[in-house]
Amino acid sequence: MLQTIKNAFLSPDIRKKMLYTFILILIYRIGCFVPIPGLNVAEMGFTTVANNDFLQMLSTVTGSSFQNGTIFALGIVPFINSFIIMQLLTLIIPKLEKLSKDGEEGRKKITQYTRYLSILLAIIQAIGIMFAWQDFIAPVFGDSKTSEIFTMICIVLILTGGSSLVMWLGERITEYGIGNGTSLIIFIGIISTLGNSILTAAGSTIHEQVKSGDLTGIWYLLGFILLVLVLFVFIVFVDMADRKIQVQYAKQIKGNKMYGGQSTHIPIKVNASGVMPIIFATSLIMFPQMIIQFAGASTSGFGLWWTEWLGTNGKLYPLIAFILIIFFAYFYAQIQFNPDDVARMLQQNGGFIPGIRPGKATSDHLRKINNRLTLFGALFLAIIALIPTLILQQVDGFATFGFNNAFSATGLLIVVSVALEFQKQLESQLLIKNNKGFLK
């Protein structure tokens with residue numbers, strides 16, 4: 001990857017895109033440190049997220065912007081939720097399904113609908129978060145009730161505007177930079193959260209322990225780094241794995257030329273759905289807890305029951321999360337890969353899988369292979385999402401230094417996937433550049 005980045009910097013066009021991407025990411029990170037007027041950030045600190053799983057995840061994804069009460073506290077989360085909802089609605093609503101198949105114009109309309117829905121979700125989430133911050137609101141114009149209401153309205157508008165600006169930055173990166181802007185913003189948020197946690201632990205807690213002759217913190221830090229490296233290797237291995245289905249094209253004579261007779265393959269990725277099943281599953285489980293938190297019912301009977309049984313440390317959380325991840329992995333696989341469409345396309349172009357009859361037999365064969373790969377990929381996602389995360393949460397040493405909140409296996413899966421995708425984008429840009437030079 002380092003060699004790919006080095007080669008990319010040697011190309012003026014790609015270097016310009018990389019610098020453009022870096023500048024927009026820098027703007028995003030600067031916004032993560034701009035506090036919202038009307039909030040007592042000094043008193044707020046980490047107390048608003050300490051006991052809520054959803055808010056911990058939100059703070060991690062936004063690079064600690066949420067817990068610091070900054071203008072980008074919502075980050076890219078409303079846009080992600082809007083994108084997921086629009087994907088599901090495309091499968092349900094015929095009009096949206098037709099738009100998705102209408103080419104560039106249809107995709108532009110769906111993108112526009114996604115933006116509108118993102119702003120609506122940002123307003124709803126901003127109102128909920130404003131109530132979560134209610135104890136830390138410092139009215140701008142005195143202590144009157146009118147000033148307090150005005151300050152609360154301003155906070156909602158600032159949060160919504162900040163989320164819209166982050167969405168705009170992500171779209172500009174995707175259009176004029178390199179890589180997917182939304183993914184890169186999440187990547188930067190998670191990496192910065194991990195970096196802040198390690199620096200804080202090494203610079204204060206572990207430093208004080210070493211001065212007193214206690215090396216426990218160093219061993220926990222090394223163990224955490226080793227766990228991350230092992231997960232990194234495992235994720236890269238599975239993420240790049242695929243099953244190649246051999247395809248043979250029959251020879252066809254059109255006019256005075258002969259076409260076909262070539263052999264190629266259809267690559268089916270083991271983990272084609274990426275991290276989406278984990279995001280779907282965790283969002284579904286955490287959504288009721290978010291409502292409970294925003295409604296101020298955390299100490300109610302239902303709120304306490306939900307935390308005990310279905311919270312991150314709940315008794316039934318691992319089992320339910322495991323089942324939901326498997327379910328959403330199969331659900332998302334149906335969106336990503338349609339065996340009937342592939343079999344129809346092969347038959348129309350004179351292609352066939354050796355030993356398999358064209359048509360229904362081909363689609364059944366592809367569906368069988370895809371289901372087996374999906375099962376392996378789903379089990380991989382469930383294990384990578386639950387086992388290492390439970391280790392980080394159950395070992396007291398990791399919790400003492402904040403490693404359990406700073407990083408999770410899900411976050412690592414996102415980081416690795418985005419890093420690999422960024423490398424592929426650079427390689428494709430270099431390939432296009434070299435091909436242009438060759439043609440000239």
Side-chain angles (χ1 to χ4, degrees), residues 20-39 41 48-49 54-55 57-90 96 99 107-133 137 140 149-177 179-190 192-193 279 283 287 290 294 414 418:
Y20 182 82
T21 302
F22 174 78
I23 290 173
L24 292 184
I25 290 177
L26 181 62
I27 293 174
Y28 165 70
R29 285 305 298 162
I30 292 174
C32 290
F33 293 94
V34 179
I36 297 176
L39 273 182
V41 180
T48 54
V49 301
F54 173 80
L55 298 185
M57 181 185 70
L58 182 60
S59 184
T60 299
V61 172
T62 58
S64 301
S65 179
F66 174 79
Q67 73 184 53
N68 294 328
T70 68
I71 60 174
F72 288 164
L74 279 178
I76 200 71
V77 174
F79 180 75
I80 296 174
N81 295 334
S82 174
F83 180 78
I84 294 172
I85 292 173
M86 288 301 300
Q87 279 196 317
L88 296 177
L89 291 179
T90 301
L96 291 178
L99 280 176
R107 286 192 292 270
K108 284 183 178 179
K109 289 184 179 179
I110 292 180
T111 302
Q112 194 68 21
Y113 295 154
T114 305
R115 291 176 187 145
Y116 294 149
L117 181 59
S118 173
I119 295 175
L120 177 62
L121 292 177
I123 294 173
I124 296 173
Q125 293 182 13
I127 293 173
I129 289 173
M130 184 268 300
F131 282 110
W133 285 344
I137 293 177
V140 179
I149 294 175
F150 176 77
T151 304
M152 294 169 71
I153 294 174
C154 289
I155 290 175
V156 171
L157 292 177
I158 291 173
L159 287 173
T160 305
S163 178
S164 302
L165 179 56
V166 174
M167 177 180 64
W168 182 84
L169 291 174
E171 290 182 348
R172 298 288 75 73
I173 292 174
T174 303
E175 186 174 358
Y176 300 109
N180 184 283
T182 303
S183 301
L184 285 176
I185 287 175
I186 298 175
F187 174 87
I188 294 299
I190 295 175
S192 62
T193 303
I279 295 176
S283 298
F287 183 76
M290 178 187 70
F294 291 163
I414 295 174
V418 174

Quiz item: Does the pair M130 and I137 meet the rule for a side-chain contact (heavy atoms from CB on, under 4.5 Å), with working shown?
Solution: CA-CA 9 Å; M130 184 268 300; I137 293 177; 4.2 Å; yes
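- Side chain of T21 to main chain of I173: no donor-acceptor pair is present (N/O by atom type, distance under 3.5 Å, no hydrogens or angles).
- Considering only heavy atoms from C-beta on, I123 stays 4.5 Å or farther from L157 through its side chain.
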Practice problem: Carefully, step by step, assess I36 and T70 under the rule side-chain contact (heavy atoms from CB on, under 4.5 Å). | Solution: CA-CA 5 Å; I36 297 176; T70 68; 5.5 Å; no
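- Separating the CD atom in E171 from the OG1 atom in T111 is a distance of 7.5 Å, to the nearest 0.5 Å.
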Quiz item: Can you check side-chain contact (heavy atoms from CB on, under 4.5 Å) on V166 and Y28, steps first, answer last?
Solution: CA-CA 7 Å; V166 174; Y28 165 70; 3.9 Å; yes
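- Between I76 atom CD1 and L184 atom CG the span is 11.0 Å, to the nearest 0.5 Å.
- A distance of 11.5 Å separates CD1 of I188 from CD1 of I186, quoted to the nearest 0.5 Å.
- Environment of OH in Y20: crowded, with over 12 heavy atoms of neighbouring residues, nucleotides or ligands closer than 6.0 Å.
- The distance from the CZ atom of F33 to the CD1 atom of I71 is 12.0 Å, given to the nearest 0.5 Å.
- Contact detail for L117 and S82: the closest heavy-atom pair is CB-OG, 3.3 Å.
- Checked against side chain to side chain contact (heavy atoms under 4.5 Å, CB included), T174 has the following partners two or more places apart in sequence or in another chain: N180.
- The distance from the CZ atom of R115 to the OG atom of S164 is 11.0 Å, given to the nearest 0.5 Å.
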Quiz item: L24 and Y176: side-chain contact (heavy atoms from CB on, under 4.5 Å), yes or no, with the steps?
Solution: CA-CA 11 Å; L24 292 184; Y176 300 109; over 6 Å; no
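- With contacts defined as side-chain heavy-atom distances shorter than 4.5 Å, the pair I158/P37 qualifies.
- Residues L159 and F72 have side chains not in contact (no heavy-atom distance under 4.5 Å, counting atoms from C-beta outward).
- Of all non-hydrogen atoms in I30 and V34, the two that sit nearest each other are O-CG2, 3.4 Å.
- Summarising the geometry of A73 relative to S65, their closest heavy-atom pair is N-OG, 3.5 Å, with the distance given to 0.1 Å.
- A distance of 10.0 Å separates OG1 of T160 from CG of L120, quoted to the nearest 0.5 Å.
- Counting heavy atoms from C-beta on, the side chains of Y113 and L89 never come closer than 4.5 Å.
- The two residues I129 and F66 make their nearest non-hydrogen contact at CG2-CE1, 3.4 Å.
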